[in-house]
2 protein chains.
Amino acid sequence: MTKAITMKDVAERAGVSPMTVSRAFKEDASVNAETRRNILKAADELGYVFDSTASNLRSQKTGFVAVTIPSLNNSNFADTVTAISDDLAEHGLQPLLGYTNYCVEREEALIEQFLRRKPEAIVVTGGQHTHRGRQLLEKARIPVIEMWDQPQAPVAYSVGFSNARAMHDLTDRLVRLGHHELGFIGGGPQSDTRAQDRRNGFIRAVSGHGLDASRLIDTTSTNFSIKEAHRAFQELRSRFPEVKTVICASDLYAFGVLSACQRAGIKVPNDLSIAGFGAFEIAPFTCPTLTTVDAKPSEIGQKTADLIAALLAGEAAQEVPINHETRYELLIRESTSGCV
Amino acid sequence: MTKAITMKDVAERAGVSPMTVSRAFKEDASVNAETRRNILKAADELGYVFDSTASNLRSQKTGFVAVTIPSLNNSNFADTVTAISDDLAEHGLQPLLGYTNYCVEREEALIEQFLRRKPEAIVVTGGQHTHRGRQLLEKARIPVIEMWDQPQAPVAYSVGFSNARAMHDLTDRLVRLGHHELGFIGGGPQSDTRAQDRRNGFIRAVSGHGLDASRLIDTTSTNFSIKEAHRAFQELRSRFPEVKTVICASDLYAFGVLSACQRAGIKVPNDLSIAGFGAFEIAPFTCPTLTTVDAKPSEIGQKTADLIAALLAGEAAQEVPINHETRYELLIRESTSGCV
DNA sequence: AGGCTCGATGTTATCGATAACATAACATGA
DNA sequence: TCATGTTATGTTATCGATAACATCGAGCCT
């Protein structure tokens, strides 16, 4: 292995000091335009590649922002990450992405691993962590942001909405539209915490109207899958045949229920109404179109990135709000009857 | 800002030299078991966090593997990245993920940005790059892997399949099943190169049977979207009303066409057959189920990661094959008639 | 007993960029 | 005219871990 080409080599070739080369590679540093041109030319001729690892160490800045999400394979989180990524790029920051598989232990491991890389901020999904995971976040001397949730006891900053409230609102709306025999799929004790929150919101809304809120079907895998929805729907039909409206913790479940209905000749929404959560891309294109809640994942990502940028720009801490509530929107569509 | 806690601090507290602390943090280094325990305890009490940036610089190893994909929002690529990520983790490697938005210029920028971080290998999607992008890859002194394709002129290693051949096979199969008036949606000049390849495969297969291969509808956005499919399907119906079988460059398009048919009262597969590409999660659950091609994204990811691991383990270069062809599987389902 | 291997630890120099400070040249205004 | 900026550049020390080499004692073989 031949020796690596460094700034020193470039400096020699361009007839300047290494420091000037260093400056030439920073957009905003004061270097004579022609000198810079010479330096960049020399660098190019030598095939020099800037070495961040050295820069990171000396400047104590890595430009990394650690981001953990439950799964890459969920279009909601993918949208959020895409927005974060785009937005951070404008500030010269690079996301360091990892997924937890909906598992707090994996989250803890990821957080630890990421913190070693000295990110300038860390974003996690939701407010649930292992004890040690939380400690790590608290002791990290960088901005910590919990997104996609409104934790009761946030570590530091939060950007998101109350999943419980959003599902409460959807359920409430449906009850007012005349839905009285409701069942819920998803959010069992083993599942994603956001799904659990949604289920709690459902229960609260249904009991709030004095209706039966006990028709709950657990899902056993943490990840949302259509297959799981089929199983759950079968269970629902055998245990609670009276249910006229199924609300699901995710659009993917709702799609699974819808497809099971189509197979079984159950007319939606005439025989059964279905609602989901998440406003996945397919929701407005299924037949019937799917009632759901749009949690505006991109907005969450954007606000998260903006918050990070503001914090890193050293904005006076007291001027930056701790909690950023994001909007969500009920989308009442054809899959639920009574949409006037 | 108080001073950071370093290995030196830990060393003092544990009564050893910094070097021994360094060793204690490496799994395989030779350190007395009790000494290590003491060191880790001291580190814990001080709240020490290992600093990769320094380690990276000195050891000239970052543990990063740069990975660029066209989009995060595509479940095929998400599956691949998930597999890569899982597999690399076992070797202590961390993916550095970025997406190009199906744009080679963005890819070039990403490659350049990533190379500065001194990854130990770089994975890109497909064989199409800007001139400079390719040069950067060639001059990087690390393993380069192009995945999801079989480039004619690979930069170095490749892991994937021929999109053209896969689509050729699907089309050929459908023709043999009696489909003779075929149209294709996707893969216009502005679109994803894999979609272009698939279209070429379609054309080759159709002309190979002496049939009309000119019923092609371009899509204008690079990203696959259901909305785009609706537009394209409308164009297809007005320009080529005789088409009895629509093959799409992506399952998402196929789903869009299917939903448009359901709206318009067109019976699938009786009036029209539909096939997609990608074996998305919804494909076996739509009604009718969707004919498609499973490109086994996880397998691509796994093989890519295995290849990287082998190369970094210093496996004799001549023992590692340059090109790794991955399997794909035709899934003939209900959406295409004649599936006997 | 002498020589040798091996495990456990210490010492020193270094990875490559840049923060912090210093300097030189030249312009600007009272 | 000189004080005071301003711009462009150089010098030195440093970020924090670890590669490379050195040391030392214990066990083992002949």
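We name chains A, B, ... by the order of the sequence lines, and we start the count at 1 in each one.
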Worksheet item: Please give, in whole Å, the distance from D:dG16 C1' to A:R116 CZ?
Response: 14 Å

Fill in: Gap between atoms CD and C1', on B:E12 and D:dG16 respectively (whole Å)
14 Å

Fill in: Pairs touching residues 104-114 of chain A that satisfy salt bridge (Lys or Arg N to Asp or Glu O under 4.0 Å), sequence neighbours left out
A:E108-A:R132, A:E112-A:R132

Worksheet item: Can you tell me if the side-chain N/O atoms of B:T35 get under 4.0 Å from OP1 or OP2 in C:dT9?
Response: yes

Under 3.5 Å donor-acceptor pairs involving side-chain atoms of residues 119-128 of chain A, not counting sequence neighbours:
from   : atom 1 : to    : atom 2 : distance (Å)
A:E120 : OE2    : A:T62 : N      : 3.1
A:E120 : OE2    : A:G63 : N      : 2.6
A:T125 : OG1    : A:T68 : O      : 2.7

Worksheet item: To the nearest Å, how far apart are B:R36 CZ and C:dA8 C1'?
Response: 12 Å

Discussion item. With salt bridge (Lys or Arg N to Asp or Glu O under 4.0 Å) as the rule and sequence neighbours excluded, what pairs involving residues 45-70 of chain B come up?
Written reply: B:R13-B:E45, B:K41-B:E45

Worksheet item: In chain order, what residues pass the ring-ring contact (aromatic ring centres under 6.0 Å, His included) check against A:Y102, with sequence neighbours excluded?
Response: none

Worksheet entry | Spacing between A:E34 atom CD and D:dT7 atom P, to the nearest angstrom | 19 Å

Worksheet, complete the sentence: Between its two end axes (five pairs each) the helix from C:dA1-D:dT30 to C:dA30-D:dT1 turns, nearest 10 degrees, through 30°

Worksheet item: Which comes earlier along DNA chain C counting from the 5' end, the contact point of B:L57 or that of B:S30, where each point is its nearest nucleotide?
Response: B:S30

Worksheet item: Got a sec, which pairs hit ring-ring contact (aromatic ring centres under 6.0 Å, His included) with one end in residues 72-101 of chain A, sequence neighbours left out?
Response: A:F77-A:W148

Discussion item. Ignoring hydrogens and geometry beyond distance, is a side-chain donor-acceptor pair present between A:S158 and A:N323 at under 3.5 Å?
Written reply: yes

Discussion item. On the nucleotide C:dT11, are OP1 or OP2 found under 4.0 Å from the side-chain N or O atoms that B:S17 carries?
Written reply: no

Practice prompt. With sequence neighbours left out, write down each residue that passes salt bridge (Lys or Arg N to Asp or Glu O under 4.0 Å) with A:E12, or none if nothing qualifies.
Written response: none

Discussion item. Ring of A:F25, cation from B:R116 - is the NZ or CZ under 6.0 Å from the centre and inside 45° of the axis?
Written reply: no

Worksheet, complete the sentence: Taken in chain and number order and not counting sequence neighbours, the residues that satisfy side-chain hydrogen bond (donor to acceptor under 3.5 Å, both in side chains) with A:D192 are A:R194

Discussion item. Does D:dT14 have its OP1 or OP2 closer than 4.0 Å to a side-chain nitrogen or oxygen of A:Q60?
Written reply: no

Worksheet item: Could you give the CZ-to-C1' distance, from B:R117 to C:dG16, as a whole number of Å?
Response: 15 Å

Hey, what are the protein-to-nucleotides 17-21 of chain C N/O distances that come in under 3.5 Å?
from   : atom 1 : to    : atom 2 : distance (Å)
C:dA17 : OP1    : A:Y48 : OH     : 2.4
C:dA17 : OP2    : A:M7  : N      : 2.6
C:dT18 : OP1    : A:S55 : OG     : 2.9
C:dT18 : OP2    : A:S22 : OG     : 2.4
C:dT18 : O2     : A:R58 : NH1    : 3.2
C:dA19 : O4'    : A:R58 : NH2    : 3.3

